[in-house]
Amino acid sequence: MPELPEVETVRRGLQELIVRRSIATESHDTVKGFPNAPADVAAFLIGATITTVRRRAKVLLIDLSSDYTLVIHLKMTGQLVYRGEQVFGAGHPNESLIGKLPDRSTRVTIEFTDGSYLYFNDQRKFGWMRLMPTVEVPNIEFMKKVGPEPLEADFTPQEFAGRFMRRSKTSIKAALLDQSVIAGVGNIYADESLWGAKIHPNRLVNTITDKEFQVLYTELREVMNLAIEKGGSTDKNYVTAEGKRGSYMDFARAFRREGLPCPRCATEIIKFKVAGRGTHICPSCQLL
DNA sequence: CACTTGACCTGTCCGC
DNA sequence: TGCGGACAGGTCAAGT
């Protein structure tokens with residue numbers, strides 16, 4: 001579920017909501033990777049203060065005053081929701097998305113000294129979390145292999161096109177989803193940017209022209225920036241740090257719009273599988 | 001080696 | 001209404 005725009009939205013929310021709060025208690029059930037070193041929880045998590053919240057690709061980095069960092073991947077259904085004064089539950093506008101917290105999908109509960117909470121919810125348990133020294137974060141396998149951030153100001157169209165050369169014989173969609181090529185692209189924004197660039201997802205990378213890479217670069221950045229502006233895409237599970245929906249799906253042109261008219265030419269959007277993933281295209285605009 | 005397919009989990013939706 | 005099967009936004013290990 002959460003791709004770069006969703007994780008960035010959560011990051012911005014947490015930066016506002018939890019920085020300078022101190023951790024009083026922590027409890028959890030099964031979460032992959034946590035606690036990797038149980039003694040570290042008492043030594044470096046309890047009593048620590050949140051200093052900043054960063055993001056790399058789809059990974060959230062919650063830095064602590066102990067010089068340790070909580071490294072969190074939400075995978076498909078992870079949520080990080082802060083609860084201060086507001087009360088979720090029956091009648092609340094977000095009830096259908098997060099219910100009353102904690103609930104049966106709550107994996108980790110962090111209580112701050114002021115009595116507010118941060119919940120890590122994850123219905124499908126694919127997400128993971130690690131507590132580790134901040135200086136060690138760049139050394140984990142994911143960080144070593146992940147590609148460049150596509151929204152950085154100094155990320156050029158030339159660098160974008162060049163990254164794909166490592167996957168020249170696969171489909172453009174499979175390459176877009178490969179985190180070692182470009183960081184943070186997932187199924188939603190792969191489909192949306194390919195629609196924007198009028199490129200069929202099954203086109204092989206080595207058939208994509210320089211001009212097409214240029215357009216794809218622009219479309220990908222525009223669609224991701226718009227998605228951040230809209231607070232991300234909520235289909236089923238994703239919510240912001242405040243427990244709210246993201247509204248990008250109201251602006252989607254192809255993703256999850258099968259049977260509806262293409263906004264450009266009114267041809268019906270169709271759905272099929274590419275690289276094992278549900279894929280949406282306009283069959284008139286995106287030719288093989 | 002490059003690339004594709006299953007596995008990881010739970011919940012929901014759809015057709016019989 | 002009940003039940004089996006397909007499917008869901010991510011990533012890795014295992015297989016071709």
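Being a predicted model, the structure only gives us computed values, none of them experimental. First the proteins, then the strands, lettered A, B, ... as listed; each starts at 1.
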Give the C-alpha distance, both sets of side-chain angles, the deciding distance and a yes or no for side-chain contact (heavy atoms from CB on, under 4.5 Å) between A:H28 and A:V41. CA-CA 11 Å; A:H28 60 270; A:V41 173; 5.9 Å; no
Check the pair A:D178, A:R167 against salt bridge (Lys or Arg N to Asp or Glu O under 4.0 Å), reporting the backbone distance first and the verdict last. CA-CA 9 Å; A:D178 183 341; A:R167 297 295 304 270; 2.4 Å; yes
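Rounded to a whole angstrom, the distance from the P atom of B:dC3 to that of C:dG9 is 23 Å. Rounded to the nearest Å, the gap between the P atom of C:dC7 and that of B:dT5 is 14 Å. Straight-line distance between the P atoms of C:dA13 and B:dC9: roughly 14 Å, to the nearest whole Å. A distance of about 15 Å separates the C1' atoms of B:dG6 and C:dA6, rounded to the whole Å.
Atom NZ in A:K32 sits about 14 Å away from atom P in B:dA7, given to the nearest Å. Taking atom CG of residue A:D178 and atom C1' of nucleotide B:dA2, one finds them 11 Å apart after rounding to whole Å. Spacing between atom CG of A:N206 and atom P of B:dC3 amounts to 9 Å, rounded to whole angstrom units. Across the protein-nucleic acid pair, A:F142 atom CZ and C:dA13 atom C1' stand 16 Å apart, rounded to whole Å. Distance, A:M165 CE to B:dA2 P: 14 Å, rounded to whole Å. Going from atom CE of A:M76 over to atom C1' of C:dG9 covers 6 Å, rounded to whole Å. Rounded to whole Å, the distance from OH on A:Y248 to P on C:dG9 is 15 Å. A:L177 has its CG atom 13 Å from the P atom of C:dC12, to the nearest Å.
Comparing atom distances between the A:A174 side chain and each of B:dT4, C:dG10, B:dC3 picks out B:dT4 as nearest. Candidate nucleotides C:dA8, B:dC3, C:dT11 were compared by shortest atom distance to the side chain of A:R124, and C:dA8 ranks first. The A:T170 side chain lies nearest to B:dC3 when the options are B:dC3, C:dT11, B:dT10. When distances run from any side-chain atom of A:H73 to the nucleotides C:dC12, C:dG10, B:dT10, the shortest one goes to C:dG10.
Contacts of A:K58 with the nucleic acid, taken as non-hydrogen atoms under 4.0 Å apart, involve only primed sugar atoms and P, OP1 or OP2. Contact annotation for A:G276: no contact, since no heavy-atom pair falls under 4.0 Å across all strands. At the heavy-atom level, A:R104 lies under 4.0 Å from the strands shown only through sugar-phosphate atoms.
Within the 4.0 Å cut-off from OP1 or OP2 of C:dA8, at least one side-chain nitrogen or oxygen of A:K271 is found. A close approach under 4.0 Å does occur between a side-chain nitrogen or oxygen of A:K273 and OP1 or OP2 of C:dA8. Taking 4.0 angstrom as the limit, A:K169 places none of its side-chain polar atoms (N or O) nearer than this to OP1 or OP2 of B:dC3. OP1 or OP2 of C:dT11 sits under 4.0 Å from a side-chain N or O of A:Q179. At the phosphate of C:dC12, OP1 or OP2 sits under 4.0 Å from a side-chain N or O atom of A:K145.
With a 6.0 Å radius and a threshold of 12 heavy atoms from other residues, nucleotides or ligands, A:K32 has its NZ atom above the threshold. Within 6.0 Å of the CG atom in A:D114, the count of heavy atoms belonging to other residues, nucleotides or ligands exceeds 12.
In this structure, A:E3 does not pair ionically with A:K58, as no charged nitrogen and carboxylate oxygen lie closer than 4.0 Å.
If you check C:dG9 for Watson-Crick or wobble pairing at under 3.5 angstrom, you find it has no partner at all. Partner assigned to B:dC9 is none, using Watson-Crick or G-U wobble distances below 3.5 angstrom.
Both geometric conditions, a ring-centre gap below 5.5 Å and a plane tilt below 30°, are fulfilled for A:F126 over the base of B:dC8.
Side-chain contact between A:Y68 and A:L45 is absent, with no heavy-atom pair separated by less than 4.5 Å.
With A:D191 as reference, A:K173 is the one residue of A:Q286, A:K173, A:R256 to meet the side chain to side chain donor-acceptor pair (under 3.5 Å) rule.
Side-chain atoms of A:R167 and base atoms of B:dA2 include no donor and acceptor less than 3.5 Å apart.
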